[in-house]
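Report on the structure given below.
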Amino acid sequence: MGIHFEHLWVLLLLLPAFGYLLWSCRSTHRLAGGRKRAAYALRGLVLLLIIAVLAGLETYTVTQRRAVLFVADRSDSMADPERLADWIRQAETGKNREDELGIVSVGREAAAERRPDSRSLEGFRWTAPVNRQFTNLEAGLRAAAGLLPESAERRAVLISDGEENVGDLLRQGRLLKDRGIPVDVLHVPSERGADAAIESVRVPEKLYPGESYKLEVAVASTRAGQATLRLYEDNRELGVREVTLEKGTNRFVLQGLAKEPGFHRYRAEIYMEGDVQAANNAGAAFSRVTGPPRVLLVEGEPGTSRTIASLLEAGGVSTETAAPELLPRELAGYTAYDSIVLNNVPATRIAESQMERLEEAVRSFGVGLVMLGGENSYGLGGYYQTPIEKALPVYMDLRGKREMPSLGLVLVIDKSGSMAGENIRLAQEAASRTVNLMRENDTLGVLAFDSTPWWVVKPEKLTDKDKVTRAIRSIPADGGTEIYTAVEEAYKQLADSSAQRKHIILLTDGQSATDKSYESLTADMRKKGITLSTVAIGDGADRRLLERLAELAEGRSYFTNDMSTVPAIFSREAVLISRTYIVDRTFTPIVGQGTDWSAFWAGGVPSLDGYIAVTPKETAEVSLLSPVPDPVLARWQYGSGRTVAWTSDVSGKWSKNWVAWDRFPQVFHQIIKWTFPQFDASPFQISSRLEDGHAHLAVRSAVPDFQGELKATVTGESLESQEVELVPTMPGEYEANLPVTEPGAYLMRLDVKGAAGEDGKQGLSGSVTSGFVLPYSAEYRITEGDGGEKLARLAELTGGRVLSLERPEEVFAGEAPARREYRSLARPLLIAALLLWIADIAVRRLSLPWRRLAAAVAGRRRAEAEAAPEAAPALARLQRRLSAKDAPTGAPQESAVRALEPDAPQGGTARAAEPGVPQGSASQAAEPAAPRGSTAQDAEPGTPEEEAGSTMSRLLAARNRRRR
């Protein structure tokens with residue numbers, strides 16, 4: 001251990017400091033003597049401590065400690081992470097006890113598995129989560145530099161195949177070299193067998209119907225052989241071709257014919273026997289086929305959309321009809337259409353993910369949406385609080401509009417172990433939506449059951465919806481399944497309810513543990529006016545029993561394999577039991593807002609025989625109203641898209657007069673056309689490429705010298721959107737980089753705002769839809785295998801070593817150089833200087849009678865010293881008398897003893913006789929007791945009793961002074 005000054009030259013300040021103290025001491029006359037010496041000694045110490053702090057006084061200890069941090073590549077190209085862990089454990093055997101070892105995992109990002117310390121690696125397991133679809137070795141080295149302690153010899157060990165696809169490890173290596181951190185490398189070659197990969201797919205960005213185009217596919221292969229190449233447009237297969245692959249890159253050109261207008265994704269897939277990596281077998285590209293508008297008609301009942309399809313096609317609009325279950329599962333599938341029409345479609349037949357993608361297509365990419373009414377649409381269809389309700393211009397519930405019958409509803413929810421996870425969460429969501437649909441004067445109960453029923457919320461008025469919702473969210477999932485007792489308990493609680501409409505919804509995914517008779521139970525329910533609907537989830541549910549129960553209790557039966565539809569089923573049931581959403585009477589619509597549609601109603605409008613009651617949203621335009629008034633035709637702008645709500649039907653049940661109206665085809669064609677995207681032409685050429693984990697976007701304007709603003713909104717398959725401002729690189733050209741962490745298809749909406757011209761008019765504006773595809777991460781690309789060379793360059797750059805798999809003990813080989821570990825003393829020195837400065841002030845400013853205090857102390861000590869010799873003989877005599885073993889007892893002796901005590905009351909017994917004196921003599925010599933109340937002056941002077949009392953008084957007084 002030693003001391004060290006960081007700034008040694010600062011010690012030269014000691015010379016002027018000494019001169020200052022000497023001058024100040026000679027020129028100060030207010031202080032004198034010891035007080036002056038103490039004050040300047042304290043001031044000198046304060047200056048000395050301050051100069052030591054300024055000079056950077058530190059203590060240090062010499063250590064020979066090594067800190068090694070292993071950076072392990074855990075990306076998918078490293079097939080066996082446990083092999084790396086075993087190698088690190090073997091390397092640990094060569095370290096000294098005080099050496100430190102840490103581990104960092106690397107994928108798309110770096111994550112610390114263990115900070116550097118001297119503990120053993122026994123029981124070590126990989127636990128840090130990393131995105132294994134990318135390799136970012138730069139991030140791992142950067143993390144290592146931050147974790148290695150300064151007090152030890154620092155070294156990083158990089159274990160990888162060297163095939164990075166994010167970042168630049170050599171750039172980080174240069175930074176580590178500047179910090180004095182060498183990097184040892186261990187090259188672990190990836191074990192790549194037979195592999196064929198789609199490198200790229202190219203197709204023209206813009207096509208016309210009937211146009212022949214070339215689709216170029218690049219395929220890389222690790223060996224020669226036969227393979228099958230398949231091509232798809234969206235999900236439609238275009239062709240299959242047998243190809244011969246050579247080792248390396250192979251290019252194929254295939255002919256295609258553009259048919260359907262819209263935004264399409266073209267996909268290529270390669271299949272080779274023995275292929276060990278399936279993640280890189282597909283690639284894709286986007287293209288827009290321009291042509292007449294294209295509308296997707298989604299119908300709840302087959303054949304009900306023929307009228308709409310015929311009138312649209314007569315107006316030059318291409319149509320396609322599909323069932324709701326066949327809606328696209330990918331976002332790109334919706335952007336192939338200009339508008340989507342939902343014709344009397346229940347929400348129970350559309351998965352939640354499909355609704356989310358449809359809503360995103362409308363909001364972000366300008367796809368139109370039209371909902372047509374019927375008994376399975378709007379609130380009756382279960383659209384309450386769904387993504388589609390968000391996009392439409394109306395609310396599905398009736399918000400304080402009319403008197404509604406009071407409802408009594410009990411939700412009987414299966415909470416057995418099979419409902420754990422996502423199933424119980426969606427059941428909770430369904431119950432929560434039902435709570436929000438009901439009013440305060442309605443009665444709601446929630447009964448959860450496994451082997452026994454459990455009341456989550458007993459039937460009561462909905463005065464506190466938040467409390468009920470919190471209780472629903474707390475339902476666990478465990479136990480078996482017993483349906484009968486649960487339904488029976490729900491019936492008993494609901495039977496005495498005063499609600500006008502009473503209903504039970506039973507949800508289960510299993511079979512009842514008992515087989516009791518439900519006939520008598522459902523008969524009692526009918527007598528009390530209680531209905532029952534059942535929801536069977538999955539193939540494990542007893543569908544026959546649940547259908548029979550619903551039939552006996554005059555309810556409805558549902559079956560679904562998609563739990564995401566359960567909230568819509570519950571919402572639909574809650575609306576159906578009220579029986580107030582269908583307005584079934586003849587009326588003539590009243591003309592409302594929408595000036596550009598006013599010409600449609602100039603000659604009057606036909607009557608309607610019914611509609612579904614809804615509530616218009618605050619910013620919606622209501623073009624036609626009922627007398628109530630309820631919206632019959634409403635519209636609004638939703639994000640980039642437009643949506644329309646028609647609350648009557650088009651099948652003729654309620655709208656026979658409208659369907660027969662001679663202007664009906666023109667009116668409905670214009671209504672649907674109003675929802676088409678508003679920016680058709682594409683004055684920009686958009687290209688994209690993937691590099692370094694980012695999507696590089698390049699946009700070139702077809703308008704000469706365009707100088708407007710461009711903003712791109714990119715949405716992936718997870719529906720997470722990112723916004724980025726494009727930066728102009730030259731007139732009419734823009735670029736931007738967007739971080740991309742997941743493979744898949746990405747749609748891009750380019751928002752354009754043109755600059756104002758000299759005439760003050762706004763330039764080009766609108767939106768353009770494009771896209772790019774990241775079919776798989778660069779982690780799965782077939783590379784040239786030069787990772788080992790890059791690792792060797794890194795080791796040479798930083799002064800590290802190239803290690804081998806066979807000799808892991810080399811990591812800790814050799815002696816660690818001696819290093820000094822410094823500890824700053826600035827804090828304790830400053831604290832000491834502060835305390836001494838306060839003492840200096842006290843000595844200078846506090847004026848105390850130091851001499852008189854010293855004299856008083858000295859006099860007290862002299863008095864104690866003088867009293868000590870006089871008291872010694874008396875104390876000795878007293879001790880001998882009290883310790884005499886044969887001292888006689890009795891009044892005369894007690895009196896003698898008390899006579900020797902200075903505090904004994906006068907008139908007490910005489911003192912005890914001295915040792916050696918006969919008892920008789922002592923008795924005879926004893927003086928009579930002094931009368932009570934007499935003083936010390938009454939005793940005769942010179943007597944032994946007086947002498948002893950005087951001595952004892954002086955002794956006790958001296959002792960008391962010492963205590964004080």
Side-chain angles (χ1 to χ4, degrees), residues 1-69 96 98-100 102 115-118 142-156 172 174-182 798-799 815-848 850:
M1 184 174 178
I3 62 171
H4 169 262
F5 289 96
E6 189 175 357
H7 309 292
L8 190 61
W9 62 268
V10 177
L11 297 179
L12 294 175
L13 294 175
L14 291 173
L15 296 176
F18 177 77
Y20 161 73
L21 288 173
L22 187 61
W23 169 81
S24 179
C25 183
R26 290 181 176 178
S27 61
T28 299
H29 304 290
R30 184 173 61 85
L31 302 175
R35 185 178 175 190
K36 184 174 184 180
R37 289 191 295 275
Y40 280 96
L42 292 172
R43 182 165 297 183
L45 288 174
V46 171
L47 291 175
L48 180 63
L49 293 176
I50 292 175
I51 292 173
V53 171
L54 294 175
L57 177 60
E58 299 172 320
T59 62
Y60 67 85
T61 55
V62 179
T63 62
Q64 287 184 301
R65 184 163 54 92
R66 182 185 285 112
V68 177
L69 200 142
N96 297 324
E98 64 275 9
D99 290 343
E100 297 182 1
R115 293 181 176 274
D117 58 43
S118 57
R142 185 166 55 248
L147 291 173
L148 285 169
E150 298 278 353
S151 59
E153 183 207 6
R154 298 178 293 171
R155 182 175 294 272
Q172 186 62 32
R174 287 187 284 271
L175 297 176
L176 294 180
K177 177 186 176 183
D178 295 340
R179 298 180 61 176
I181 303 176
T798 61
E815 291 290 332
R819 297 176 63 90
R820 290 183 177 183
E821 188 172 345
Y822 293 96
R823 180 178 178 274
S824 175
L825 296 177
R827 183 183 180 89
L829 291 179
L830 287 174
I831 293 174
L834 176 62
L835 297 176
L836 291 174
W837 177 60
I838 294 173
D840 177 23
I841 294 174
V843 169
R844 292 172 178 275
R845 299 299 181 187
L846 295 180
S847 180
L848 298 174
W850 300 105

So, using side chain to side chain donor-acceptor pair (under 3.5 Å) as the criterion, who are the partners of Ser24 when residues are at least two apart?
Tyr40

Identify every side-chain donor-acceptor pair in residues 825-836 under 3.5 Å, counting partners at least two apart or on other chains, and give the distances.
none

Minimum-distance pair of heavy atoms, taken over all atoms of Leu69 and Pro116
CD1-CG, 3.9 Å

Once you round to the nearest 0.5 Å, how far does CZ of Arg844 lie from CG of Leu42?
8.5 Å

Per-pair distances, 0.1 Å, donor-acceptor, side chain in residues 3-20, under 3.5 Å, sequence neighbours excluded:
| unit_1 | atom_1 | unit_2 | atom_2 | d |
| --- | --- | --- | --- | --- |
| His4 | ND1 | Glu58 | OE1 | 3.3 |
| Tyr20 | OH | Arg43 | NH1 | 3.3 |

Determine yes or no for a side-chain-to-main-chain donor-acceptor pair under 3.5 angstrom, with Lys177 supplying the side chain and Gly799 the backbone.
no

Where Arg154 and Leu148 come nearest, the two heavy atoms and their spacing:
CD-CB, 3.7 Å

Of all residues at least two apart in sequence or in a different chain, which pass the salt bridge (Lys or Arg N to Asp or Glu O under 4.0 Å) check with Glu100?
Arg65

Indicate yes or no: at least one non-hydrogen side-chain atom of Leu175 is less than 4.5 angstrom from one of Arg179.
no

Output all residues satisfying side chain to side chain contact (heavy atoms under 4.5 Å, CB included) with Ala38, sequence neighbours left out; order by chain, then residue number.
Val843

What residues, two or more places apart in sequence or in another chain, satisfy side chain to side chain contact (heavy atoms under 4.5 Å, CB included) together with Arg115?
Leu147

Gap separating the CD1 atom of Ile51 from the CG atom of Leu57, nearest 0.5 angstrom:
12.5 Å

For Ala156 and Ile181, the nearest pair of non-hydrogen atoms, with its separation, is N-CG2, 4.3 Å

